Asker: 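Below is the structure I would like to discuss, written out as structure tokens.
On a predicted model such as this, the values are computed, not experimentally measured, just so you know. As the structure lists them, so they are numbered: ligands from 1, and atoms in each ligand from 1.
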Amino acid sequence: MRSKADFEHLLWQVLHEGIEAYKDADGWYLLISTRCSHLQKNGHCEIYDSRPAICREYNNDWCEYDAPAEEGFMLHFHSYEQLLTYCKKRFKTWGQ
Ligand code: SF4
């Protein structure tokens, strides 16, 4: 993700409650701090057999309970304002 349009889209995403953006060695990602609507009270997945591919591909070898994910973040934006400031520095023509 590098274009101005990519960052305009990311800005819209971080406007939403519980959504932050970060970059690590693998690229740009969203940090979604909300509970999945399919997570049951017993910790099981309500749609386990048809869960999305990203859930199927998740590797339990590494867990955020063992080490905070933020340790690997190169950039981390908690708010629209923080990301907007970054965009204005990254793109000299931002807002034009
Ligand atoms: S496996 Fe995926 S769909 Fe199921 S509860 Fe977890 S995040 Fe939600």
Asker: Apply ring-ring contact (aromatic ring centres under 6.0 Å, His included) to Phe7 and Trp28, showing your working.
Answerer: CA-CA 10 Å; Phe7 281 94; Trp28 286 87; 5.1 Å; yes

Asker: Looking at Cys36, which atoms of ligand 1 are within less than 4.0 Å of one of its heavy atoms?
Answerer: 3 (S), 5 (S), 7 (S), 8 (Fe)

Asker: Tell me whether the centres of the aromatic rings in Trp94 and Tyr86 are closer together than 6.0 Å.
Answerer: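 No: the rings miss the under 6.0 Å criterion.
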
Asker: Which residue holds the protein heavy atom closest to atom 4 (Fe) of ligand 1, what is that atom called, and what is the gap in Å?
Answerer: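 That would be Cys45 SG, 2.3 Å.
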
Asker: Protein heavy atoms: any of them under 4.0 Å from atom 6 (Fe) of ligand 1?
Answerer: no

Asker: Could you verify whether a donor N or O on one side chain and an acceptor N or O on the other, from Glu20 and His76, lie under 3.5 Å apart?
Answerer: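 Distance-only check passes for Glu20 and His76.
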
Asker: Could you state the interatomic distance from SG (Cys45) to CG (Leu39), rounded to the nearest 0.5 Å?
Answerer: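 Between atom SG of Cys45 and atom CG of Leu39 there are 8.0 Å.
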
Asker: Run the numbers for me: atoms of ligand 1, each under 4.0 Å from some heavy atom of Cys55, listed by number.
Answerer: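 What qualifies from ligand 1 is 1 (S), 2 (Fe), 3 (S), 7 (S).
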
